[in-house]
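What you see below is based on every heavy atom in this structure, not just the backbone, and it leaves out hydrogens, waters and symmetry mates. Quick note on labels: first sequence line is chain A, next is B, and so on, each numbered from 1.
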Amino acid sequence: MIRAVKGTRDLLPPDTAVWNHVEQIARAVFHAYNYREIRTPILEETQLFARGVGAETDIVTKEMYTFEDRDGSSLTMRPENTAGVMRAYIEHRLDLLPGVQKLYYIGPMFRRERPQKGRFRQFYQIGAEAIGSESPATDAEVIQMVVEILARSGLSHFELLINSVGCGKCRAQYIEKLREALQPFIPQLSPDNQRRAETNPLRVLDSKVPEDEPIIEQLPSILDSLCPECLEHFERVRLYLTDRGIKFEVKPRLVRGLDYYMRTTFEVVHGNLGAQNSVLGGGRYDGLAEQLDSKVPSPGIGFSIGEDRLVMAVSDNQLPDALDLYIAPMDESALRHAGVLATELRATGASVEVGTTAKLKKAMDIANKVSARRVLIIGEDELAAGEYSLKDMTSGTQLRLSRAEIAGHLK
RNA sequence: GUGGCUGUAGCUCAGGUGGUAGAGCGCCGGAUUGUGGAUCCGGUGGUCGAGGGUUCAAGUCCCUCCAGCCACCCCA
């Protein structure tokens, strides 16, 4: 048997209703904040991610689906979408349009990782980018917007964490300070953290090894190393968030894995997601455009929600998936009437299913199993009388109605 | 990439010390005529993840592989 490839999965009804629900809410909130949709290709030149995401990142070094096209060029299935959106922004000179470009996307991303709870090789992200503003007010608005999407999707008990990772200058200085501070403790650290202390000291801060916790707590905070400009930016972001009533926690140890992040970074975590407890990650990427050869500086900030994880976290909230009307035609003549009538009723917005001719008992059984709210019975009696029998499946009551009356009884 | 756990009907699972498979749910049909949900009866359904090996005999023991889950790594 041919099965879905490792790390990919089929989304089936009724689960797809939850996905649509979440996406509809996201689109509504995006609209409210004047974000418009952008759709970029899944395939991009490999160079885009090597340069945009960072050649040394895990994503680029070991997680990308990369292959050689027939003409010899190297293509990659997008592992994330900020680089792709920025590429499109530069390519189409969106910087020449007035105002900040506020763009959103919904779609699949691909990373070749070992699957586990909340982690897939094909996964879906709902994301947005605001490009062309370096104002901390933009940061605050983006964060406010994403919190609104989560809340309106039915997510509860989530936690917003924010931090500043500084700019190119002050971060470099901080990394040096961190390296020095770590030096005396290296022999006592776990093997993983020993390695990180050498290669990427920032990652030590994000460690989950409990034994290393006492050491990590003593390390200097990046917030004490921020340059005056970065500090000012971060303070204003916090101020604006507070103005808007957004609850957050400053977590100086929040570091993100993509090279392009600078200044504001944020994340939302949730309890019931297993080890992959992050539903959303985002941050500011003021140097990304230049990394991609843009001559115009295009500061931006964005986020992406892990839709798989959001759906997982909210799927306790069951959505009604009922059918408005099941029509049970009892013979050939009734079937023809049913087809025409269904067309009329669907035009009013009702969901209508027409059964094939069957014994009435069987038709009722099916109607019940597909959760039809009502059943319309059309048989010889009904056709002779010019009236139809409408049965309410919840109450069990049945009415004789003229054709014109039916639509009004479907609620 | 590394580690742990698990693979028996569509689903959830039983199947002591090896003797060629079962339940519940679902699905299909029935309990007299054009009325679902409850109950009862009957039926369909599995090369026991795959391939080797040991044995007279393997779902059950051994090996290899594959898949799924969970964790590490990392991230959404």
Side-chain angles (χ1 to χ4, degrees), chain A residues 1-9 12 53 56-63 78-82 106-127 146 150 190-193 195-196 199-200 203 206-209 254-258 261 265-270 273-283 302-313 326 328-331 334 355 357-383 389-398:
Chain A
M1 181 167 68
I2 298 175
R3 306 165 42 112
V5 312
K6 188 198 255 307
T8 72
R9 55 184 181 155
L12 306 172
V53 177
E56 303 305 316
T57 57
D58 278 28
I59 289 177
V60 171
T61 55
K62 50 191 191 195
E63 294 174 2
R78 63 184 188 193
E80 59 95 57
N81 207 26
T82 298
I106 298 175
M109 309 295 158
F110 303 84
R111 292 182 202 172
R112 199 183 183 292
E113 300 180 90
R114 192 82 169 260
Q116 71 182 77
K117 188 179 177 91
R119 190 166 74 185
F120 308 93
R121 290 183 172 183
Q122 175 173 337
F123 60 100
Y124 295 81
Q125 288 191 334
I126 299 173
V146 75
L150 297 181
S190 61
D192 270 344
N193 277 328
R195 180 176 48 75
R196 289 160 162 165
T199 59
N200 191 351
R203 295 242 66 92
D206 214 21
S207 164
K208 292 175 200 160
V209 183
L254 176 67
V255 293
R256 314 239 83 241
L258 286 66
Y261 284 124
T265 59
F266 54 99
E267 176 172 323
V268 169
V269 295
H270 185 80
L273 295 175
Q276 310 306 315
N277 65 348
S278 164
V279 269
L280 149 195
F303 64 81
S304 58
I305 297 170
E307 190 175 2
D308 304 73
R309 293 178 185 177
L310 179 56
V311 167
M312 196 189 314
Y326 186 91
M330 297 189 59
D331 57 30
T357 54
K359 282 197 275 188
L360 186 55
K361 182 178 171 58
K362 184 65 195 164
M364 296 301 293
D365 189 33
I366 290 176
N368 185 49
K369 283 172 178 166
V370 300
S371 308
R373 280 190 253 271
R374 293 184 178 77
V375 176
L376 191 72
I377 299 163
I378 309 180
E380 281 182 33
D381 296 358
E382 283 78 6
L383 291 177
S389 300
L390 183 69
K391 177 162 184 172
D392 184 306
M393 295 296 275
T394 310
S395 64
T397 57
Q398 191 165 317

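For the pair A/Ile2 CD1 and B/rA67 C1', the interatomic distance rounds to 15 Å; values are reported in whole Å. As a whole-Å value, the separation of A/Ile305 CD1 from B/rA76 C1' is 10 Å. Remark: P of B/rC5 and CD of A/Gln116 are 17 Å apart, rounded to the nearest angstrom. Here B/rC69 presents its C1' atom at 13 Å from CZ of A/Arg119, a figure rounded to the nearest Å. Rounded to whole Å, atom C1' of B/rA76 lies 19 Å from atom CZ of A/Arg112. Computed from coordinates, the A/Lys117 NZ to B/rC73 P distance equals 18 Å when rounded to whole Å. What separates CD of A/Glu113 from P of B/rC73 is a distance of 13 Å, to the nearest Å. If you take CD of A/Glu56 and C1' of B/rC73, they are 17 Å apart, rounded to a whole angstrom.
Although no hydrogens or angles enter the test, the distance criterion places no donor-acceptor pair under 3.5 Å between the side chain of A/Asp392 and the main chain of A/Thr397. Side chain of A/Arg309 to main chain of A/Gly118: a donor-acceptor pair is present (N/O by atom type, distance under 3.5 Å, no hydrogens or angles). Checking side-chain atoms of A/Thr61 against main-chain N and O of A/Thr57 turns up a donor-acceptor pair under 3.5 Å.
Across B/rG24 and B/rG45, the matching C1' atoms stand 15 Å from one another, rounded to whole Å. The C1' atoms of B/rC56 and B/rG18 are separated by 12 Å, rounded to the nearest whole Å. When the C1' atom is compared between B/rG16 and B/rG59, the two are found 14 Å apart, to the nearest whole Å. Nucleotides B/rA50 and B/rU55 are separated by 23 Å at their P atoms, to the nearest Å. Comparing the C1' positions of B/rU12 and B/rC72 gives a spacing of 30 Å, expressed to the nearest Å. When the P atom is used for both B/rU17 and B/rC28, the distance is 38 Å, rounded to whole Å. A distance of about 7 Å separates the C1' atoms of B/rG26 and B/rC11, rounded to the whole Å. Nucleotides B/rA23 and B/rG46, compared at atom P, are 14 Å apart to the nearest Å.
Counting only Watson-Crick and G-U wobble pairs whose two key distances fall under 3.5 Å, RNA chain B forms stems of three or more stacked pairs at B:1-7 with B:66-72, B:10-13 with B:22-25, B:27-31 with B:39-43, B:49-53 with B:61-65.
A/Leu280 CG to A/Gln125 CD: the interatomic distance, rounded to the nearest 0.5 Å, is 9.5 Å.
Residue contacts shown for A/Gly274 are limited to sugar-phosphate atoms, with no base heavy atom under 4.0 Å away. Residue contacts shown for A/Phe120 include a base, since a base heavy atom lies under 4.0 Å away.
Using a 4.5 Å heavy-atom cutoff, the side chains of A/Met364 and A/Lys391 are in contact. Between A/Glu63 and A/Phe110 the shortest side-chain heavy-atom distance does not fall below 4.5 Å.
Counted within 6.0 Å of CD on A/Gln398, heavy atoms from surrounding residues, nucleotides or ligands total more than 12; the atom is thus considered enclosed.
The residue among A/Arg121 and A/Arg114 whose nearest nucleotide of RNA chain B is located toward the 5' end is A/Arg114. Both A/Gly7 and A/Gly306 sit near RNA chain B, but only A/Gly7 has its closest nucleotide nearer the 5' end.
Of the charged side-chain nitrogens involved, at least one lies within less than 4.0 Å of a carboxylate oxygen, so that A/Glu113 and A/Arg119 count as a salt-bridged pair.
Qualifying salt bridge (Lys or Arg N to Asp or Glu O under 4.0 Å) partners for A/Lys361, counting only residues two or more places apart in sequence or in other chains: none.
Counting distance only, with no hydrogens placed and no angle test, the side-chain atoms of A/Arg203 and the base atoms of B/rC73 include no donor-acceptor pair under 3.5 Å.
Across all non-hydrogen atoms, the minimal contact from A/Tyr124 to A/Asp308 is N-OD1, 2.7 Å.
Geometrically, A/Arg9 engages A/Phe120 in a cation-pi contact defined by less than 6.0 Å to the ring centre and at most 45° from the axis.
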Sugar-phosphate or base contact per nucleotide [nucleotides 31-38 of chain B; S, B, -; heavy atom under 4.0 Å]: ---BBBB-
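Phosphate proximity of B/rG68 to A/Arg3: absent, as no side-chain N or O sits under 4.0 Å from OP1 or OP2.
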